[in-house]
Amino acid sequence: MLEDIKDGAAAATRLAGGAPLQSTLDVADPGDWLALDAGVREVARNRPQFLPEREHSTPLPTDLTQLGESRLALALCHRDGRIRQEAVRQSVRYPGLLPLVVIRCADWADPVREHARQLLHEALNVDSALNLAPLILRVGRRDRGTFGVEVLGQILRQASHRQLAALFADPDRIVRRFAYRLAIEGRLLRPAELAHAAALDQDTVVQDLCATAALTALGDEDAYEDVLPHLLSARNPRTRSAGVTVLRRAGRSKQAELLLSDRSALVRACARYVVRQLGDDPVAWYRERCTAPGDPELPPGAVIGLAECGNRADAGLLRPLLVHPAAGIRARAVAGLRTLDSVDAKQLWPLLDDPAAGVVRETATALLPSAKELPADWLWERTSSERPRHVRVGAFRLLNARGGVVALRAAVGLFEDPDIKLRTWAGQSVQRWHPSPDERHGDAEVGELLDRSRHLFSDYVLRRRKWEAGVDS
């Protein structure tokens with residue numbers, strides 16, 4: 001597989017030596033053809049004798065009729081437009097060169113481009129279009145590249161469901177989007193197939209396309225049975241939320257209660273809307289589930305869901321959950337207290353030692369507005385390399401938020417941290433550091449810390465920082 005111009009140049013050199021096209025590059029990979037196109041010009045720039053040149057005494061290109069497939073492939077990528085134009089004419093002898101004709105359809109030279117477009121229009125059929133679709137769509141992103149995409153669409157509108165299915169699994173998401181749009185336009189997929197694609201595809205555009213089309217195509221009760229399970233079990237929250245929104249139309253609003261505790265805020269919000277339309281109160285549902293703080297079956301989504309639609313009085317139900325055995329519950333309880341604006345710093349800061357990274361992350365976020373109220377020495381101890389990484393990160397976030405010499409001391413102290421990301425973050429923090437206006441100038445510790453950070457600054461910037469802090473250089 002050719003990955004860049006350097007590899008394309010190497011392939012061009014092999015072709016110039018007579019190597020067969022099929023053994024030189026992966027003819028099914030659009031990237032190889034594009035790399036070859038760029039690589040030929042790269043080699044010819046340094047080796048003028050590499051490709052046939054037109055005679056200086058005549059305006060016409062050199063004779064290309066005797067060239068084999070490999071050399072003609074090079075001529076199709078030639079820097080001279082008239083040689084490329086003649087090579088396009090001669091390429092009809094070798095169907096395997098059609099990918100290079102696709103590339104020439106976006107050529108900067110009008111005659112080359114027009115001849116290539118005419119040839120592509122005549123040569124393309126459903127089978128060849130399916131094979132060339134990834135390359136045509138790649139070239140279509142270039143200037144003057146829309147012609148190939150338009151022709152591809154015209155041809156593939158004649159394709160069957162079975163033929164288009166080959167593109168549904170293409171690794172290039174642009175290809176999958178194109179194929180699904182054609183299938184939806186041609187009504188080639190049943191609602192259940194669309195829902196299945198929406199649930200499984202990794203691309204959000206494909207998910208939205210297929211989910212919307214599946215819901216639009218729904219007509220009878222039996223179709224809901226085939227579509228809703230796919231949508232409601234999808235990993236992507238947008239797809240699940242699409243399934244939730246149709247529950248009322250399907251006469252299954254009660255099923256929305258099961259999604260009130262979904263892991264996604266979007267899905268929970270949609271579920272609450274459906275439940276309210278049914279005349280029920282989602283807040284009461286959440287409160288009922290959060291009244292048993294030791295319940296091992298309590299879903300984390302129910303905890304944060306209560307905060308999303310409850311009031312500050314509900315903080316009383318969340319605080320006991322801070323010691324729940326499940327880390328997910330503890331993390332959502334912290335996030336819920338922050339959502340309800342009911343954070344008690346003294347109650348939360350012990351959770352910075354929690355064994356679960358998610359809990360510490362949520363706790364540090366909740367405590368950021370109160371960072372200056374926390375004991376600096378206690379936080380400093382938690383930046384020791386003996387502590388778990390997530391504890392060190394949480395403590396440094398809070399120390400860094402304090403600013404001043406405390407933040408500088410914490411950052412410099414992490415220069416030897418075993419985690420490279422944390423060391424990098426500490427260095428960036430020092431580079432952005434400026435003395436706080438409420439701290440005394442001339443602090444000798446600041447000068448010492450800045451000297452230890454000398455490798456991060458130019459001499460001028462270091463002197464400037466010391467001057468700002470009132471420290472002698």
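Heavy-atom basis, side chains included; hydrogens, waters and symmetry copies ignored.
In terms of the side chain to side chain contact (heavy atoms under 4.5 Å, CB included) criterion, residue partners of T204 (sequence neighbours excluded) are, by chain and number, Q207, N236. With sequence neighbours excluded, the residues satisfying side chain to side chain donor-acceptor pair (under 3.5 Å) with D37 are R41, R104. In this structure R397 satisfies the salt bridge (charged side-chain N to carboxylate O under 4.0 Å, His left out) test with no other residue, sequence neighbours excluded. With sequence neighbours left out, E288 forms a salt bridge (charged side-chain N to carboxylate O under 4.0 Å, His left out) with no residue at all. With sequence neighbours left out, A195 forms a side chain to side chain contact (heavy atoms under 4.5 Å, CB included) with A214, V227, H230, L231. Residues passing the side chain to side chain donor-acceptor pair (under 3.5 Å) test with D170: none are found, sequence neighbours excluded. S453 is linked by a side chain to side chain donor-acceptor pair (under 3.5 Å) to nothing, counting only residues two or more places apart in sequence or in another chain. Contacts of R173 classified as side chain to side chain donor-acceptor pair (under 3.5 Å), with partners at least two apart in sequence or in another chain: none. Residues meeting the salt bridge (charged side-chain N to carboxylate O under 4.0 Å, His left out) test with R423, sequence neighbours left out: none. For D295, there are no salt bridge (charged side-chain N to carboxylate O under 4.0 Å, His left out) partners at least two apart in sequence or on another chain.
Annotation for F457: atom CZ counts as buried by contact number, over 12 foreign heavy atoms lying within 6.0 Å. For NE2 of H196, the number of neighbouring non-hydrogen atoms (other residues, nucleotides, ligands) closer than 6.0 Å is 12 at most. Within 6.0 Å of NE2 in H390 there are more than 12 heavy atoms belonging to other residues, nucleotides or ligands.
We find that R392 and D417 are joined by a salt bridge, their nearest charged nitrogen and carboxylate oxygen being less than 4.0 Å apart. Using a 4.0 Å cut-off between a side-chain N of Lys or Arg and a carboxylate O of Asp or Glu, E297 and R289 do not qualify as a salt bridge.
With hydrogens and angles disregarded, a donor-acceptor distance shorter than 3.5 Å links the side chain of R330 to the backbone of H324. No donor-acceptor pair under 3.5 Å is formed between the side chain of Y224 and the backbone N or O of V246.
Residues W425 and V393 are in side-chain contact: their nearest non-hydrogen atoms beyond the backbone lie under 4.5 Å apart. Counting heavy atoms from C-beta outward, Y180 and L164 have side chains that stay 4.5 Å or more apart. D419 places a side-chain heavy atom less than 4.5 Å from the side chain of R389. In this structure, the side chains of R382 and F396 stay at 4.5 Å or more apart for every pair of heavy atoms. Here the side chains of E373 and R402 are not in contact, with every heavy-atom distance at 4.5 Å or above. Residues T212 and I184 fail the side-chain proximity criterion, which asks for heavy atoms closer than 4.5 Å. Using a 4.5 Å heavy-atom cutoff, the side chains of R387 and D353 are in contact. With a 4.5 Å cut-off on side-chain heavy atoms, V406 and W380 do not count as touching.
Closest approach of T339 to A307, counting heavy atoms only: CG2-O, 3.8 Å. Considering all non-hydrogen atoms of both residues, V391 and V360 come closest at CA-CG1, 4.4 Å.
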| task | Quick one: do L100 and C77 satisfy side chain to side chain contact (heavy atoms under 4.5 Å, CB included)? Show the steps, please. | result | CA-CA 8 Å; L100 290 174; C77 307; 3.9 Å; yes
| query | Can S128 and N125 be said to form a side-chain hydrogen bond (donor to acceptor under 3.5 Å, both in side chains), step by step? | reply | CA-CA 5 Å; S128 59; N125 55 40; 3.0 Å; yes
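Residue pairs that meet the salt bridge (charged side-chain N to carboxylate O under 4.0 Å, His left out) test with at least one member in residues 138-163, sequence neighbours left out, are R141-D172, R157-E185. Identified under the side-chain hydrogen bond (donor to acceptor under 3.5 Å, both in side chains) test for residues 299-309, with sequence neighbours left out: R268-E308, R272-E308.
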